[in-house]
Amino acid sequence: MSVLLAVPNVSEGRDHARIAALAAAFDARLLDVHTDPDHHRSVYTLAGEPGTLAQSVLAGAREAVAQVDLDAHGGEHPRVGALDVAPIVYLDDAARGAACAEALVLGDLLGSELELPVFLYGALAQGRTRAELRRGGPQELARRMESGELTPDFGPRRLHESAGAVLVAARAPLIAFNLELEPPATVGHARTIAALIREGGAEGLSGVRAIGLWLEHRGVSQVSTNIEDHRATRPADVLAAVARHAPVGRAELVGLAPQEAFEGFPGEVPIAGFDPERKLIERALANSRPERRADA
C-alpha cells in the first residue's frame with residue numbers, strides 16, 4: 001500500500017515545550033519537525049497509510065487549537081490559523097486519488113469535530129492558492145466570510161475564536177526552500193528579489209512562490225520560497241536566480257524534499273542542518289520503517 005505524507009504547519013515556533021507536545025499529539029510516524037522563531041511556525045512531516053492520516057492530523061490539530069491563540073501570535077510568516085495548513089501529500093501519481101480522499105476526510109473532521117472553518121486549495125479547489133486565502137490575514141478572511149465572498153468547504157461559517165481557520169489540500173511534494181542574504185542586504189532587498197524571481201515576476205521561475213522577510217533572531221534578510229514543481233525548477237535554480245542579485249550566506253530546507261531535487265546542488269552554499277538521511281523523503285521513509293517482529 002502506498003505511503004502518504006501529511007505536513008501540518010502550526011503557528012508556534014518559539015515555545016519548545018509546546019512544540020514537543022504538538023509533535024507527540026500527531027499520532028503517526030513523525031519524520032521531521034522544523035521550527036523557526038521568526039516565522040513563528042513549526043512544520044511537522046508525518047507518514048502513514050491511506051485511511052490513517054486524517055485521524056492522526058486531527059489529534060495534533062486538537063492540541064494546536066488548545067495551545068495556540070492567534071490573537072497573541074506575532075510572526076513573519078503569513079497565516080490564518082493555529083493549524084494554518086494541513087496538506088496531504090502523494091509521492092506518486094498512483095496515490096493521488098487516495099491523497100484526495102484523505103484530504104477531504106481530514107477537512108470534514110476538522111470542521112465537524114474542532115469547529116474550524118476549512119478552506120480547500122490547490123487541485124481540490126480549482127487551483128485556488130494559499131496566498132489568495134491568506135491575503136490580509138485572519139481579520140480580512142473573517143470579513144470576506146461575513147460578506148459571503150468566501151464560504152468554507154467544511155465547518156462553521158465563521159472563524160474559530162482563537163484558532164482561526166485551516167487550509168487543506170492534496171498535492172505532490174512541495175519544497176520549502178529559503179535563502180539568507182549576506183549583510184548588509186536589507187528586507188527591502190529581499191522583497192525586491194522575491195518579486196523578481198517568483199512566478200509572474202520579471203525573472204519569474206516556474207512554480208515558485210517567494211516573499212522577502214527579515215529574521216530578527218539572526219539579523220539577516222531572507223528570500224523565502226515554495227517550489228511547487230521541482231522538475232520544472234530545482235532549488236539550485238532558485239539559488240542561482242537569487243545570487244544574481246545578492247550574495248547568499250546559507251540556504252535552508254523546511255521539512256523534506258524528494259532526493260532528485262537536490263542532485264547537483266552546489267556545495268559552496270551550506271544548507272543549514274541538512275542531513276540527507278533525515279531530509280530527503282526516500283531516505284527518511286526507509287530509515288523510519290517500523291521494525292518487523294521476529295515471528296512475523
Legend entry - Glu263/Arg234 ion pair, N-O < 4.0 Å: no
Legend entry - Pair Asp93 + Arg96, salt bridge at N-O below 4.0 Å: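 Not counted as a salt bridge, because no side-chain N and carboxylate O are separated by less than 4.0 Å.
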Should [X] and [Y] be counted in the same cluster of Ile, Leu, Val, Met, Phe, Trp and Tyr side chains packed under 4.5 Å apart?
X      : Y      : answer
Val80  : Val65  : no
Val3   : Val7   : yes
Val269 : Ile193 : yes
Leu256 : Val33  : no
Leu58  : Leu22  : yes

Legend entry - His40: ring pair (Phe, Tyr, Trp, His ring centres under 6.0 Å) partners, not counting sequence neighbours: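 His73.
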Legend entry - Phe119: ring pair (Phe, Tyr, Trp, His ring centres under 6.0 Å) partners, not counting sequence neighbours: none
Inset, instruction - Kindly indicate, with the supporting measurements, whether the criterion side chain to side chain contact (heavy atoms under 4.5 Å, CB included) is fulfilled by Val242 and Leu181. - result: CA-CA 9 Å; Val242 172; Leu181 306 183; 3.7 Å; yes
Does [X] use its side chain to pair, donor to acceptor, with the backbone of [Y] at less than 3.5 Å?
X      : Y      : result
Glu102 : Gly51  : yes
Arg79  : Gly75  : yes
Asp237 : Thr233 : no
Gln139 : Ala142 : no
Asp38  : His217 : yes
Glu199 : Gly207 : yes
Arg198 : Ala210 : yes
Glu282 : Gln259 : yes
Ser11  : Gly81  : yes

Going by atom type alone, with no hydrogens or angles, which donor-acceptor pairs under 3.5 Å involve a side-chain atom of residues 160-169 and a protein atom two or more places apart or on another chain?
| unit_1 | atom_1 | unit_2 | atom_2 | d |
| --- | --- | --- | --- | --- |
| His160 | ND1 | Ser162 | N | 3.2 |
| His160 | ND1 | Ala163 | N | 3.0 |

Inset, instruction - Walk me through it: do Arg134 and Glu140 pass the test salt bridge (charged side-chain N to carboxylate O under 4.0 Å, His left out)? - result: CA-CA 8 Å; Arg134 289 187 184 133; Glu140 176 63 10; over 6 Å; no
Inset, instruction - Look at the aromatic rings of Phe177 and Phe262 and report parallel, tilted or perpendicular, splitting at 30° and 60°. - result: perpendicular
Minimum-distance pair of heavy atoms, taken over all atoms of [X] and [Y]:
X      : Y      : value
Gly255 : Lys279 : O-NZ, 2.8 Å
Ile175 : Ala257 : CG1-CB, 4.0 Å
Pro173 : Val89  : N-CG1, 3.7 Å
Gly212 : Ala194 : N-CB, 3.7 Å
Leu30  : Ala23  : CD2-CB, 3.8 Å
Ala28  : Leu46  : CB-CB, 4.0 Å

When rounded to the nearest 0.5 angstrom, what distance separates [atom1] in [X] from [atom2] in [Y]?
X      : Y      : atom1 : atom2 : result
Leu213 : Asn178 : CG    : CG    : 8.0 Å
Leu133 : Leu150 : CG    : CG    : 6.5 Å
Asp36  : Glu76  : CG    : CD    : 9.5 Å
Ile271 : Leu239 : CD1   : CG    : 9.0 Å
Leu120 : Leu106 : CG    : CG    : 9.5 Å
Leu253 : His34  : CG    : NE2   : 7.5 Å

Legend entry - Criterion side chain to side chain contact (heavy atoms under 4.5 Å, CB included) on Leu109 and Gln55, from CA distance to verdict: CA-CA 8 Å; Leu109 288 171; Gln55 287 289 346; 3.8 Å; yes
Within-4.5 Å side-chain heavy-atom neighbours: [X] and [Y]:
X      : Y      : answer
His245 : Leu196 : yes
His39  : Leu215 : yes
Val223 : Val238 : no
Pro152 : Arg157 : yes

Inset, instruction - Can you run down the salt bridge (charged side-chain N to carboxylate O under 4.0 Å, His left out) pairs that involve residues 215-229, sequence neighbours left out, and say none if there aren't any? - result: Arg130-Glu228, Glu180-Arg218, Arg209-Glu228
Legend entry - Test side chain to side chain donor-acceptor pair (under 3.5 Å) applied to Arg278 and Asn287, step by step: CA-CA 8 Å; Arg278 291 191 309 105; Asn287 293 333; over 6 Å; no
Inset, instruction - Check step by step if side chain to side chain contact (heavy atoms under 4.5 Å, CB included) holds for Leu104 and Asp153. - result: CA-CA 9 Å; Leu104 294 173; Asp153 296 284; over 6 Å; no
Inset, instruction - Verify whether one side chain among Asp27 and Ser56 offers a donor that lies under 3.5 Å from an acceptor in the other. - result: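 Side-chain D/A pair, Asp27 to Ser56: absent.
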Legend entry - Side-chain donor-acceptor pair present, His189, Thr192, cut-off under 3.5 Å: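 Distance-only check fails for His189 and Thr192.
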Inset, instruction - Sort and list the pairs that fulfil side-chain hydrogen bond (donor to acceptor under 3.5 Å, both in side chains) and have at least one residue in residues 104-115, not counting sequence neighbours. - result: Arg62-Glu113
Legend entry - Verdict with reasoning, Thr225 to Leu179, per side chain to side chain contact (heavy atoms under 4.5 Å, CB included): CA-CA 8 Å; Thr225 77; Leu179 295 167; 5.8 Å; no
Inset, instruction - Go through Thr129 and Glu132 one step at a time and tell me if the side chain to side chain donor-acceptor pair (under 3.5 Å) criterion holds. - result: CA-CA 5 Å; Thr129 68; Glu132 289 175 50; 3.3 Å; yes
Legend entry - Intermediate values then yes/no, side chain to side chain donor-acceptor pair (under 3.5 Å), Arg29 and Ser288: CA-CA 7 Å; Arg29 287 163 60 192; Ser288 72; 2.7 Å; yes
Inset, instruction - Please check if atom CD in Glu146 has more than 12 non-hydrogen atoms from other residues, nucleotides or ligands closer than 6.0 Å. - result: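 Result for CD/Glu146: open.
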Legend entry - Under the side-chain hydrogen bond (donor to acceptor under 3.5 Å, both in side chains) test, residues paired with Asp92 that sit two or more places apart: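 Listed in chain order: nothing, the list is empty.
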Inset, instruction - Among Asp32, Ile19, Thr35, find the residue that satisfies the side chain to side chain contact (heavy atoms under 4.5 Å, CB included) test when tested with Tyr44. - result: Ile19
